[in-house]
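Data first, discussion second: the structure below is written as structure tokens.
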Amino acid sequence: MSFNKKPLYIFALIVILYCYTVSSNSLISKAFAQRSNPSNISKENTASTILKEFKDTADKHLKNGSKDISIVTGVISPTSSDISSYGNLSRSNPIKVNGDTLFDIASITNTFTTLLLSDMIEKGEVKPNDTLKAFLPSNVTLPTSNGQKITLEQLATHTSGLPDFPPGFVRNQSYTDKQIYDKLANTKLVSRPSTIVNYSNIGMALLGHALSLKANKSFEQLIDERILKVLGMNSSGISITNETKAHFAKGHLAGKEIGLEFLPEIIQPAGAMYSSAKDLLKYLSANMNFIHTKLNLPMQETHLIRQIFQSSNLPNQSLPLTTYVGLGWFITTNFLSSVTWHSGSIYGYTSFIGFNPDKKTGVVILCSCDDKDVPLNEMIKVGFRYLLNPIVDDSNSNNSGGSIGGKATSGNVGSGGSCYALIIGNGCGGSTGSTEPRGGAATTTPAEGNNGNISGVGGDATSGDVGNGGSCYALIIGNGCGGSTGSTEPRGGAATGGYDGNDIIDTNSLDNSSINGNTRYH
């Protein structure tokens, strides 16, 4: 987000989290567990492909299409970085957006706030179990649970028990520190500290506020000196100057251009930062250890799993998909590979940043569109799709049926090999056989998954009468897949899979309020 200290113009899974997400959030599959070298990453895994996919999604949600919004996407690997963009700065300014264009990044700010904490811990300035109370004025009353006080680490992992915002808090309104303190005095914890993850914007805000008081510097100054300047992120910050405004993509809500949301200084650590795709790729590069700075160790500490957030044991899966929280970041894993990520949503803007440390790939998506118009979970799906990026094993195939995501067709002749319908895929087909080598049809009708002896929900699909199906995975968002081998009737029959084909994994594994954008900054 971009907010000025002074009232300007006017967060976000999964996480699912709000930031989400909170929002979004836990996507990893059996097929994804197959590791690959950077050179094996699909050629489709480019910023332009991501841009097209997200733009097509946005078109489906926006009444007038995406003609007014702007989108910038970025991908980084050990060998290259790629940025693609769409749209203008505003209706009145026809300058095309690019990798230097500025967007509010909302709750992605959290990862900077927690990196600041990690850096101060490494320098011995604070300790993770220091209490919040120790940094605030002595007359401030904070909620407790059976005398248990909130710690800095609990704030950083959303386990403080604090609600999202204190009672009576109104967004886009100016508050003094004292006014926020007074609201905290009337706040009740929603859970006992350290017991569960409950995404809290006020908790993250108070973490940054406490660090600011400890260092006797503004949060903005700390972020600039200790992170942005170290990484050369010269197009990122909080305060908006006239020069900054000239590079800002205009936010959109309900088809109208809107001004930047205002966040009072005490709330800024929860989501007040703006950035560009180029700067965020620098940030990903540092987080993925492509470059080495004095922040390397503090960054790695923020990626370490601290607490479980969500868990979903999928049918016919040998391993669960689970989302954890680190310091600010969310980590979704199947225990063979993982994605570290965060997303953001604020008036007029949505954003996503994530990386797969195993595949050494990072993705950035920025949009001047509001979560109410283009749901943030749609952006998260696209981001996860390219971070997971399974590799299809087609070593034994000839005209094989099967594709990664997208529309998949059955093989015409020859073997289908392994077939993966992951994340956004609509299904896939592929088979081998001597007389009728069709791959079978991918369907979305659960009942059809019971034809013959087919076992179709996310697991191995088998043929109806004779023969066994090759490996067929319809995981996460896939709508189904079919495939078989056999000597007399090698049709795979119809297999169903994925979940409902409409949402990430299983909605029970996500924080629905964050996914639906009911909370601000993520």
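A salt bridge links E153 with R306: the closest approach of a Lys/Arg side-chain nitrogen to an acidic carboxylate oxygen falls below 4.0 angstrom. A salt bridge between D56 and K60 is absent, with no side-chain N of the basic residue lying under 4.0 Å from a carboxylate O of the acidic one. Ion pairing between a basic and an acidic side chain is recognised when a charged N comes within 4.0 Å of a carboxylate O; E220 and R226 show no such pairing.
Using modelled atom types and a 3.5 Å distance limit, the side chains of T323 and T332 yield a donor-acceptor pair. For the residue pair N356/T361, the side-chain donor-acceptor check at 3.5 Å is not satisfied.
Here the options are F355, Y324, W341, the test is ring-ring contact (aromatic ring centres under 6.0 Å, His included), and the partner is H303; only F355 passes.
Atom CG of L260 and atom CG of N172 lie 10.0 Å apart (nearest 0.5 Å).
Taking the salt bridge (Lys or Arg N to Asp or Glu O under 4.0 Å) definition, one finds that E257 meets it with nothing, sequence neighbours left out. A search for salt bridge (Lys or Arg N to Asp or Glu O under 4.0 Å) contacts involving K178 returns D182, not counting sequence neighbours.
Between H158 and Y199, the two ring planes are parallel [angle under 30°; tilted spans 30° to 60°]. Ring planes of F103 and Y349: perpendicular class, angle over 60° (limits at 30 and 60°).
The side-chain heavy atoms of L162 and I150, taken from C-beta on, include a pair separated by under 4.5 Å.
Each side-chain hydrogen bond (donor to acceptor under 3.5 Å, both in side chains) pair with one or both residues in residues 85-96, not counting sequence neighbours, appears once here: D68-R91, N88-K96, S90-S92.
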Test log, rule side chain to side chain donor-acceptor pair (under 3.5 Å), inputs S236 and D279: CA-CA 7 Å; S236 303; D279 265 13; 2.7 Å; yes
